[in-house]
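Keep in mind it's a predicted model, so treat the numbers as computed, not measured. So that the names make sense, note that chain A is the first sequence line, chain B the second, and so on, each numbered from 1.
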Number of protein chains: 2
Amino acid sequence: MDGKETLDKARERIIETIAQNIHLYGLTPSAGRQYGTMFFHDEPMTLDDMTEELGMSKTSMSTSVRALAELKLVERAWIRGVRKDLYQVKDDWYQSFINLFSIKWRRSISLHSVAVRKSLRELEQLKNNPDISEELRTIVEMDISKLEYVRDYFEWMDRLVDAFEDHDIFDLVPLKEHGE
Amino acid sequence: MDGKETLDKARERIIETIAQNIHLYGLTPSAGRQYGTMFFHDEPMTLDDMTEELGMSKTSMSTSVRALAELKLVERAWIRGVRKDLYQVKDDWYQSFINLFSIKWRRSISLHSVAVRKSLRELEQLKNNPDISEELRTIVEMDISKLEYVRDYFEWMDRLVDAFEDHDIFDLVPLKEHGE
DNA sequence: AACTTTGTACAGTTTTTACCGTACAAACGA
DNA sequence: TCGTTTGTACGGTAAAAACTGTACAAAGTT
């Protein structure tokens, strides 16, 4: 086995591992393979480069690179004289992890918070309605306390994402000292 | 609109929100609806209960409750005299969040670490091979430093999950004081 | 202005995933 | 021991998602 072959095999192993785990970011294996390919490619790539490298249609490359960019796993690059769009991976993986929370989790937290607060308001009002049965009131009160718990949970999640974004998380889990 | 109707609507909003966000846990909306239904159901539920409540087949209920259990979002319960399997939601949502990392992320981290270390070993060996071209050696060295970065990243991720599991994360992002 | 090049919208196809019904094994009860 | 109940494996089907090719709009070039 010659050197180039060894190199490619070593790269391929990493790319395939990324492909098979990127579902944690809500992306498809194909997008993962695309990311992995770009990771080892030193210059920014065009859609045509990716088509060639991965043997997939340009349309697919376009849509999946968009998904990668939305999560800020890749970014656009500019090289003077090149007309085509260029993409490269963002090389700060710690920040990419944080971005997952900033983008996907934050949105989910917000949707939950809105829904919970709305339901809580309705149930509080229902609880104060004198016309309902004692039995129903008991159930309503239980639901209220459940939703208060959930509200607090998402409020905590919100603060957790803040702690990621503010990089406070690196106080708790420090980066490895560079070069040792 | 009578009281029961208001209650159901308030619950339905939450359930649907869970269903539409549980993809972050790698689960389907159906499993989310199942979880939400169990969340508001005070006694543990049987598969037949879920079939009735959700209008889906018992087979589906069986497979998706298994997915929920695997992530420890639900657990089995026992009530004396009841022959059927019973399930209830685990009510510590903070722990459930942590479990996602313990179970899904930890596995991914491990797979990545293994792959990266294996490729690193191969590339180190290749680098020390005197027969390769200077050009190739340069590429290999660049890949090595990329993979060392990745290795360190997953080592950090491993410590992050540790910090979740050990509940150190609550030092950084404290729980809301109970009852205020 | 006419001609190229490039990225993506869109509709159709293929592949994958979710879901269902049947059948059966394991556990229980009489 | 023989029925009954319960959960799930399995094969088939319906639904969803990924992927492709064509067609076109936007931007660049001559």
Side-chain angles (χ1 to χ4, degrees), chain A residues 15-16 18-38 41 43-71 73-88 104, chain B residues 15-16 18-38 41 43-71 73-88 104:
Chain A
I15 293 172
E16 209 48 46
I18 293 172
Q20 285 168 20
N21 285 282
I22 207 166
H23 65 270
L24 292 174
Y25 282 71
L27 298 173
T28 62
S30 291
R33 230 164 274 122
Q34 198 174 8
Y35 178 88
T37 303
M38 293 170 72
H41 208 273
E43 291 85 34
M45 294 180 81
T46 68
L47 293 178
D48 290 319
D49 292 337
M50 302 175 201
T51 292
E52 174 142 12
E53 194 82 33
L54 296 166
M56 291 180 67
S57 74
K58 197 173 174 181
T59 315
S60 289
M61 294 301 94
S62 174
T63 56
S64 48
V65 88
R66 172 183 283 226
L68 288 167
E70 208 157 311
L71 262 176
L73 286 167
V74 306
E75 64 188 347
R76 297 196 48 172
W78 286 269
I79 296 181
R80 48 170 292 142
V82 178
R83 291 224 338 247
K84 302 181 181 184
D85 289 0
L86 290 163
Y87 297 92
Q88 63 190 357
K104 295 213 162 169
Chain B
I15 293 172
E16 209 49 44
I18 292 172
Q20 285 168 18
N21 286 283
I22 206 164
H23 65 270
L24 292 173
Y25 281 70
L27 299 173
T28 62
S30 290
R33 229 163 277 122
Q34 198 174 8
Y35 179 87
T37 303
M38 291 170 74
H41 208 272
E43 291 85 33
M45 293 179 80
T46 67
L47 293 178
D48 290 318
D49 292 337
M50 302 175 201
T51 293
E52 173 142 12
E53 194 83 33
L54 296 165
M56 290 179 69
S57 76
K58 197 172 174 182
T59 316
S60 290
M61 296 301 94
S62 174
T63 57
S64 48
V65 87
R66 171 184 283 226
L68 288 167
E70 208 156 311
L71 262 176
L73 286 166
V74 306
E75 64 186 348
R76 298 197 46 174
W78 287 270
I79 296 180
R80 48 170 293 140
V82 178
R83 292 226 334 249
K84 302 181 182 185
D85 290 359
L86 290 163
Y87 297 93
Q88 64 191 358
K104 295 213 161 169

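- Without hydrogens or angle criteria, B/S62 side chain to B/K58 main chain gives no donor-acceptor distance under 3.5 Å.
- Between the CE atom of A/M61 and the C1' atom of D/dG21 there is a distance of 15 Å, rounded to whole Å.
- Distance from the side chain of A/D85 is smallest to C/dG7 among D/dG7, C/dG7, C/dT8.
- With sequence neighbours left out, the salt bridge (Lys or Arg N to Asp or Glu O under 4.0 Å) criterion links B/E16 to B/R33.
- Listed by chain and number, the residues in a side chain to side chain donor-acceptor pair (under 3.5 Å) with B/Y35 are B/W93 (sequence neighbours excluded).
- Listed by chain and number, the residues in a side chain to side chain contact (heavy atoms under 4.5 Å, CB included) with A/T37 are A/I15, A/M45, A/E53, A/L54 (sequence neighbours excluded).
- Scored by the salt bridge (Lys or Arg N to Asp or Glu O under 4.0 Å) test, A/D85 finds A/R76 as partners (sequence neighbours excluded).
- Considering only residues two or more places apart in sequence or on other chains, B/E75 meets the side chain to side chain donor-acceptor pair (under 3.5 Å) condition with B/Q88.
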Show me the side-chain donor-acceptor pairs of residues 22-32 of chain B shorter than 3.5 Å, one per line, residues at least two apart or across chains.
| unit_1 | atom_1 | unit_2 | atom_2 | d |
| --- | --- | --- | --- | --- |
| B/H23 | ND1 | B/Q20 | O | 3.4 |
| B/T28 | OG1 | B/A31 | N | 3.3 |

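- Within residues 46-59 of chain B, the residues that place at least one heavy atom under 4.0 Å from DNA chain C are, in residue-number order, B/M56, B/S57, B/T59.
- With sequence neighbours excluded, the residues forming a side chain to side chain contact (heavy atoms under 4.5 Å, CB included) with A/S57 are A/T59, A/S60, listed by chain and number.
- With sequence neighbours excluded, no residue forms a side chain to side chain contact (heavy atoms under 4.5 Å, CB included) with B/T63.
- Within the structure, a side-chain polar atom (N or O) of B/R66 is placed less than 4.0 Å from OP1 or OP2 of D/dA9.
- Between A/I79 atom CD1 and C/dT6 atom C1' the separation is 17 Å, expressed in whole Å.
- Here D/dT4 presents its P atom at 16 Å from NZ of B/K84, a figure rounded to the nearest Å.
- For A/T46, the side chain to side chain contact (heavy atoms under 4.5 Å, CB included) partners two or more places apart in sequence, or in a different chain, are A/D48, A/D49, A/K84, A/L86.
- Within residues 21-32 of chain B, no residue is approached by DNA chain D to less than 4.0 Å at the level of any non-hydrogen atom.
- Using a 4.5 Å heavy-atom threshold, the side chains of A/M50 and A/E52 count as separate.
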Letter by letter from the 5' end, nucleotides 24-30 of chain C scores (B base, S sugar-phosphate only, - none; protein heavy atoms under 4.0 Å) ----SS-

